[in-house]
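Here the structure is a predicted model, which is why all the values come from computation and not from measurement. Just so it is clear, the values below take in all heavy atoms, side chains as well, and ignore hydrogens, waters and symmetry mates.
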Amino acid sequence: MSGAKPQSTRLTVLIPFALVTLIWGSTWIVIRGQLGEVPPSWSVAYRFVIAGVVILGWAAFRREKLSLDARGWRFAAMLGVMQFVLNFNFVYRAEQHITSGLVAVVFALLLVPNAILGRIFLGQMLGRQLLIGSAVAIGGIAMLFTHEARVDPNNGSEVMIGIVITLCGVLSASVANIMQGTRTAKAYPMATMLGHAMLIGAAIDASFAWITTGPPVFDWSASYIAGVLYLGIVASAVAFTLYFGVLRIIGPAKAAYSGVIVPVIAMALSTAFEGYRWSWLAASGAAMALTGLVIALKARRPNR
């Protein structure tokens, strides 16, 4: 067929897309292990210092240009604030209130602001089917909240706080996603821009952590160190490079479709390691949320 994409083109999208989904499906439970002795902002800072150094090291190995002009530095700073400061500080703090699996389910709604902001700033299509799917997904999230509140009525406020904080993280990540779909982002090498954004974000994270919690705190246990390295190298340096590369090809709305599968992996891990207990209401809510996202996924492709 003349309109079919070459197999190599499909694979350059599908393979990194699948890898990102598998990696990020596991990160929620790893983040949970980072909470404890070390304040969240310090954990976020350590993560992105490692990630930024790894990515810039890779760029240097490939002999890519490491410097940016004034416009590039402004863009990197904005990306760093939205993606690597606000987004992750919200996520880490949300997991202090609700399970990692529930955070992942709520975060799957990234598809919604990505599609809306993509329509506003990138001129991508926004169809009725996407709106219907989004409404169904939000209904599923409401059922999950109801389940959590019923399990522990005295803890209902904690669940609500966790969901609201997660939604703040979703909006921050969405802004960063839209930025990657702009001409400015595509004007610079991916690794150089991403590495500098991560280091700028890490510097701001560390400054915020020092002001609010005091000097650096580190947990020298093997599990914490392994978690920081996994989140910094695999879940950040590798996964964000793959994800933003795919996003630049297919657009932010379709790139967010990875969120349809990520919560399934995250909830399974939460059940295995956090003792999450399913009820018919929770299962129905999760199924409804994922169904809504699948409905949205089948909507008219935004960049057609």
Do N177 and Y243 have side chains that approach each other closer than 4.5 Å (heavy atoms only, starting at C-beta)? yes
Which heavy atom of A235 sits nearest to which heavy atom of F240, and what is that distance? O-CD1, 3.9 Å
Nearest heavy-atom approach of P40 to Q96 is CG-NE2, 3.6 Å
Using modelled atom types and a 3.5 Å cut-off, is there a donor and acceptor pairing between side-chain atoms of S174 and backbone atoms of L110? no
Go through the steps to decide whether F84 and L194 satisfy the test side chain to side chain contact (heavy atoms under 4.5 Å, CB included), and finish with yes or no. CA-CA 10 Å; F84 306 120; L194 199 52; 3.8 Å; yes
Candidate pair I98 and E158, rule side chain to side chain contact (heavy atoms under 4.5 Å, CB included), full reasoning: CA-CA 7 Å; I98 55 179; E158 283 292 296; over 6 Å; no
Ring centroid separation for W28 and F107, is it under 6.0 angstrom? yes
Could you tell me which non-hydrogen atom of L199 sits nearest to which non-hydrogen atom of F48, and how far apart they are? CD2-O, 4.0 Å
Would you say the side chain of Q180 lies within less than 4.5 Å of the side chain of M190, judging by non-hydrogen atoms? yes
Just how far is it from atom OH of Y224 to atom CD of Q34, taken to the nearest 0.5 Å? 5.0 Å
Say whether, by atom type as modelled, one donor and one acceptor occur between the side chain of S207 and the main chain of A203 under 3.5 angstrom. yes
Spell out, yes or no, whether W220 and I50 are grouped together once hydrophobic residues are joined by side-chain heavy atoms under 4.5 Å, including indirect joins. yes
So, taking the atom named CG in L247 and the one named CE in M179, what distance separates them when rounded to the nearest 0.5 Å? 12.0 Å
Could you see if L56 belongs to whatever hydrophobic cluster contains V53? Use Ile, Leu, Val, Met, Phe, Trp, Tyr and a side-chain cutoff under 4.5 Å. yes
Nearest 0.5 Å, what's the CD1-OG1 distance between I55 and T241? 4.0 Å
Same cluster or not: L171 versus F121, using hydrophobic residues (I, L, V, M, F, W, Y) connected whenever any side-chain heavy atoms lie under 4.5 Å apart? no
Measuring from R119:CZ to N114:CG, what's the distance to the nearest 0.5 Å? 15.5 Å
For the student: nearest non-hydrogen atoms of G72 and M193, plus distance: O-CE, 3.7 Å
Common cluster, V30/V20, ILVMFWY with side-chain heavy-atom separation under 4.5 Å: yes
Can you name the nearest heavy-atom pair linking V103 to T166, along with the distance? O-CG2, 3.7 Å
pair E37-F218: side-chain heavy atoms closer than 4.5 Å: no
Any chance the side chains of T27 and Y230 put a donor and an acceptor closer than 3.5 Å? no
Beyond-backbone contact of F75 with L68, side-chain heavy atoms, under 4.5 angstrom: no
Going through the checks in order, is the side chain to side chain contact (heavy atoms under 4.5 Å, CB included) test met by F208 and V85? CA-CA 9 Å; F208 176 76; V85 178; over 6 Å; no
Under a plain distance cut-off of 3.5 Å, with no hydrogens placed, do Y46 and D205 share a side-chain donor-acceptor pair? no
Would H97 and V159 satisfy side chain to side chain contact (heavy atoms under 4.5 Å, CB included), going step by step from the backbone distance to the final call? CA-CA 6 Å; H97 301 277; V159 177; over 6 Å; no
Donor-acceptor contact present, side-chain T192 to main-chain K65, <3.5 Å: yes
Is it the case that the side chain of T213 and the backbone of W210 share a donor-acceptor pair, with hydrogens and angles ignored and the cut-off at 3.5 Å? no
According to a 4.5 Å side-chain heavy-atom criterion applied to Ile, Leu, Val, Met, Phe, Trp and Tyr, with indirect links allowed, do V136 and W280 form part of one hydrophobic cluster? yes
A side-chain contact here means heavy atoms from C-beta on lying under 4.5 Å apart; do E95 and L35 qualify? yes
Looking at every non-hydrogen atom in both residues, tell me the closest pair between A206 and A45 and how far apart they are. N-CB, 3.8 Å
Within-4.5 Å side-chain heavy-atom neighbours: L242 and F17: no
So do S43 and F88 actually touch side chain to side chain, heavy atoms under 4.5 Å? no
Just by distance, do the side chain of S172 and the backbone of C168 share a donor-acceptor pair under 3.5 Å? yes
So do W73 and I200 actually touch side chain to side chain, heavy atoms under 4.5 Å? yes
Using modelled atom types and a 3.5 Å cut-off, is there a donor and acceptor pairing between side-chain atoms of R47 and backbone atoms of G232? no
Interatomic distance, CH2@W42 vs OG1@T212, rounded to 0.5 Å, equals 9.0 Å
